[in-house]
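Heads up, the thing below is written out as structure tokens.
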Amino acid sequence: DALAGVDFTPLWLEQGTTLSAAGHFDEAIEVLQLGLAAADVREDGNSAPLLVRLARAELMSGRHEEALRHGVEAQAQFEAEDDVRALSSTARLLGDIYTTLGRPGEAVEILERGLELAERVGNVEEIGGCLITLGLALLALGAFAEAIACNERAIAEFERIGHGSGRALGYSNLAWVLANRGDYEEAELYCEKAIELSRSIGHLLVTAETTDTMAFIRLRQGAAEDAARQAEEAAHLFVELGAAPKAAQSLDLAARAWEAAGDEARAGETRSRARALV
């Protein structure tokens, strides 16, 4: 009875955030939905932070349309509150969602707005985050030079404040852009930096994504068997994180690599595992 009327939104938010960080995205979604239901009952609760975390977990678990809907809803609430700091963070999330949905033009537009807001409040973490996500959107548009410049600036921002996870992600994304442009040797150097740093701080997601990039590079270089093993390792890490859609993509890359290596049986088995995950 002593807790009657108490707003538990911060606890729901913390639990959902912790579960997401541990890679338990389905559990995070369930917890955050419970938090939103409780906030709706209270009517005076602030549900926007819950919506942002929910959208991020939904994006990672492959529920892209739901992620977009909740991200837009959070953005509307933050705009009503004129919360500039939160709006920059939400813009970064929405940019990621739009790029994933194959709408990079819209992603660039909202990310440029998010970067402007982050610069206005001087939030270095959000400046770097918006730049990295903007780099991915620009890559999707084929603007390699602009994408590289965004990642290099983001890395510089994170290095200036000693931000480990930001640096690791910046190295990883820069490697991905360089690999897509065909600069394989330079891309490999940044992959090594990203993996070394991400492992030292326990950032499993960056390790997985960078391992997948290494597999992509190896396949482009003609080292098919090595590429297949790297891609399968990335898939294993994504499964451990609970990111099934990303694991399926890595397995699809592994299947293509096994085909290039002439092992049709292994390719078929790997492709079946990818379909099972989806």
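Put simply, Leu59 and Tyr98 are part of the same group of oily side chains (I, L, V, M, F, W, Y) that touch within less than 4.5 Å, one to the next. Note on Val52: it clusters hydrophobically with Val121, by side-chain heavy-atom contacts below 4.5 Å among ILVMFWY residues. Linking Ile, Leu, Val, Met, Phe, Trp and Tyr residues whenever their side-chain heavy atoms come within less than 4.5 Å leaves Val177 and Leu189 in two separate clusters. Tracing side-chain contacts under 4.5 Å through hydrophobic residues (I, L, V, M, F, W, Y), one reaches Ile29 starting from Leu34; they form part of the same cluster. The same ILVMFWY cluster, assembled from side-chain heavy atoms under 4.5 Å apart, contains both Phe78 and Leu117.
In this structure, the side chain of Gln77 engages the main chain of Ala48 through a donor-acceptor pair within 3.5 Å. Between the side chain of Thr210 and the main chain of Thr207, no donor-acceptor pair closer than 3.5 Å is present.
Separation of atoms CG (Leu115) and OG (Ser88) is listed at 9.5 Å; rounding is to 0.5 Å. The distance from the CG atom of Leu237 to the CD atom of Glu209 is 11.0 Å, given to the nearest 0.5 Å. Of the inter-residue distances, the one linking His70 atom NE2 with Arg63 atom CZ reads 10.5 Å to the nearest 0.5 angstrom. Of the inter-residue distances, the one linking Ser89 atom OG with Arg56 atom CZ reads 8.0 Å to the nearest 0.5 angstrom. Atom-to-atom distance recorded for Phe158:CZ and Leu169:CG is 7.0 Å, nearest 0.5 angstrom. Expressed to the nearest 0.5 Å, how far CG of Leu54 lies from CG of Leu13 amounts to 11.0 Å.
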Test log, rule side-chain contact (heavy atoms from CB on, under 4.5 Å), inputs His64 and Glu58: CA-CA 6 Å; His64 302 148; Glu58 288 170 332; over 6 Å; no
Pair Glu109-Arg113, salt bridge (Lys or Arg N to Asp or Glu O under 4.0 Å): steps then yes or no: CA-CA 7 Å; Glu109 183 178 346; Arg113 173 61 175 158; over 6 Å; no
Would you check, one step at a time, whether the test side-chain contact (heavy atoms from CB on, under 4.5 Å) holds for Ile132 with Cys150? CA-CA 6 Å; Ile132 285 174; Cys150 281; over 6 Å; no
Would you check, one step at a time, whether the test side-chain contact (heavy atoms from CB on, under 4.5 Å) holds for Glu112 with Glu116? CA-CA 6 Å; Glu112 287 177 342; Glu116 176 190 338; over 6 Å; no
The test is side-chain contact (heavy atoms from CB on, under 4.5 Å); show your working for Leu219 and Gln221 and say whether it passes. CA-CA 5 Å; Leu219 183 56; Gln221 292 175 324; over 6 Å; no
Does Ser250 form a side chain to side chain donor-acceptor pair (under 3.5 Å) with Glu232? I'd like the steps, not just the answer. CA-CA 7 Å; Ser250 291; Glu232 288 187 340; over 6 Å; no
After noting the C-alpha distance and the side-chain angles of Arg69 and Glu66, does the key distance pass the salt bridge (Lys or Arg N to Asp or Glu O under 4.0 Å) rule? CA-CA 5 Å; Arg69 177 163 52 84; Glu66 294 94 328; 5.8 Å; no
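Within 6.0 Å of CD in Glu196 there are 12 or fewer heavy atoms belonging to other residues, nucleotides or ligands.
A pairwise comparison of heavy atoms in Leu277 and Ala248 identifies CD1-N, 3.9 Å as the closest pair. Taking each heavy atom of Leu36 and Ser47 in turn, the nearest pair found is CD2-CB, 3.6 Å. Across every non-hydrogen atom of Val206 and Ala168, the tightest pair is CG1-O, 3.7 Å. When every heavy atom of Ala231 is checked against every heavy atom of Ala215, the shortest pair comes out as N-CB, 3.4 Å. Nearest heavy-atom pair, Ala267 versus Ala255, reported as atom, atom and distance to 0.1 Å: CB-O, 3.4 Å. Taking both residues in full, the closest heavy atoms of Tyr190 and Ala175 are given as CB-CB, 3.8 Å, listed atom of the first, atom of the second, then distance.
Considering Leu178, Leu139, Leu136, Thr133 as possible partners of Asn173, the one that fulfils the side-chain contact (heavy atoms from CB on, under 4.5 Å) test is Leu136.
Remark: Glu259 does not engage Arg256 in a salt bridge, criterion side-chain N to carboxylate O under 4.0 Å. Between Arg229 and Glu225, at least one side-chain nitrogen of the basic residue sits less than 4.0 Å from a carboxylate oxygen of the acidic one, meeting the salt-bridge criterion. Between Arg92 and Glu126 there is a salt bridge, with a side-chain nitrogen of the basic residue lying less than 4.0 Å from a carboxylate oxygen of the acidic one. The existence of a salt bridge linking Asp252 and Arg275 is excluded, since no basic side-chain nitrogen approaches an acidic carboxylate oxygen closer than 4.0 Å.
Counted by atom type alone, Glu125 and His163 present one or more donor-acceptor pairs between their side chains at under 3.5 Å. Of the N and O atoms on the side chains of Thr17 and Arg53, at least one donor lies less than 3.5 Å from an acceptor on the other residue.
In this structure the side chain of Arg120 reaches within 4.5 angstrom of the side chain of Val84, judged on heavy atoms. The shortest side-chain heavy-atom distance between Arg153 and Ile127 falls under the 4.5 Å cut-off. Using a 4.5 Å heavy-atom cutoff, the side chains of Asn151 and Leu131 are not in contact. Proximity of Phe216 to Asn180: side-chain heavy atoms (C-beta onward) are separated by under 4.5 Å at one or more points. Residues Arg181 and Ile148 are in side-chain contact: their nearest non-hydrogen atoms beyond the backbone lie under 4.5 Å apart. Side-chain contact check for Leu94 versus Glu106: every heavy-atom pair is 4.5 Å or farther apart. Put simply, the side chain of Met214 does not reach to within 4.5 Å of the side chain of Asp226, judged on heavy atoms.
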